[in-house]
Amino acid sequence: TFPLVAGNKNYTYTYEDAHGDYNLIEIDGDKIRIKEADCDDQTCGRRGWASKNGETIVCLPHKLVIEVRSTDGSEEDSLIY
């Protein structure tokens with residue numbers, strides 16, 4: 001879980017699956033994206049930034065789903081993947 005909060009510092013997180021495949025996830029304040037991945041199709045990286053409640057980023061080869069959703073039922077956005 002990554003909180004998406006405007007004004008927060010930019011940082012990256014490396015997701016690695018059991019096979020050693022990876023996705024480099026970038027969080028920049030109130031938005032998130034997959035900056036880099038070692039999958040063949042690169043669809044997840046071309047998706048770009050997500051920041052609105054309900055938006056998703058999917059990397060099918062790595063079985064990774066990132067979904068922006070509210071933690072309290074409001075329209076405010078935060079991230080759970």
Side-chain angles (χ1 to χ4, degrees):
T1 301
F2 303 100
L4 299 181
V5 179
N8 274 5
K9 187 176 174 182
N10 179 297
Y11 64 98
T12 58
Y13 172 81
T14 302
Y15 165 81
E16 190 170 326
D17 69 13
H19 304 290
D21 298 321
Y22 77 93
N23 294 79
L24 184 62
I25 300 167
E26 182 177 15
I27 298 91
D28 186 8
D30 62 351
K31 58 189 179 181
I32 187 166
R33 71 177 176 154
I34 294 180
K35 183 176 184 174
E36 181 182 316
D38 65 349
C39 56
D40 291 333
D41 63 11
Q42 296 295 304
T43 301
C44 58
R46 290 191 306 267
R47 160 61 174 84
W49 293 99
S51 62
K52 303 281 186 218
N53 196 15
E55 286 187 303
T56 59
I57 302 171
V58 178
C59 182
L60 286 177
H62 297 164
K63 297 179 177 85
L64 172 67
V65 177
I66 297 172
E67 180 181 2
V68 176
R69 61 176 138 144
S70 173
T71 56
D72 64 2
S74 71
E75 290 299 315
E76 295 297 316
D77 301 328
S78 63
L79 178 78
I80 298 175
Y81 80 91

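Note that the structure is a prediction, hence the values are computed from the model and not measured.
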Those residues at least two apart in sequence (or on a different chain) that pass side-chain hydrogen bond (donor to acceptor under 3.5 Å, both in side chains) with E26 are N10, R33
Just how far is it from atom OH of Y13 to atom CG of L24, taken to the nearest 0.5 Å? 11.0 Å
Could you tell me the separation between the NZ atom of K35 and the OG1 atom of T12, rounded to the nearest 0.5 Å? 6.5 Å
Do I57 and I25 have side chains that approach each other closer than 4.5 Å (heavy atoms only, starting at C-beta)? no
Rounded to the nearest 0.5 Å, what separates atom CG in N8 from atom NZ in K31? 13.0 Å
For the residue pair L4 and S51, establish whether any side-chain heavy-atom pair is separated by less than 4.5 Å. no
With a 3.5 Å distance limit and no angle check, can you tell me whether R46 reaches the backbone of G48 through a side-chain donor-acceptor pair? no
Could you report the tightest heavy-atom contact between C44 and V58, atom names first, then the distance? CB-O, 3.5 Å
Within this structure, what is the CG-OG1 distance for the pair L60 and T43, rounded to the nearest 0.5 Å? 8.0 Å
Report the residues that fulfil side-chain hydrogen bond (donor to acceptor under 3.5 Å, both in side chains) with D38, sequence neighbours left out, ordered by chain and then residue number. H62
State plainly whether one hydrophobic cluster holds both I66 and Y22, where clusters connect Ile, Leu, Val, Met, Phe, Trp and Tyr through side-chain heavy atoms under 4.5 angstrom apart. no
Would you say E36's side chain and G45's backbone share a donor-acceptor pair under 3.5 angstrom? no
Rounded to the nearest 0.5 Å, what's the gap from CD1 on I34 to OH on Y15? Could you check? 10.0 Å
Evaluate salt bridge (charged side-chain N to carboxylate O under 4.0 Å, His left out) for E55 paired with R47, printing each intermediate quantity in order. CA-CA 11 Å; E55 286 187 303; R47 160 61 174 84; 3.5 Å; yes
Heavy-atom nearest pair, D30 first then A6, reads CB-N, 3.6 Å
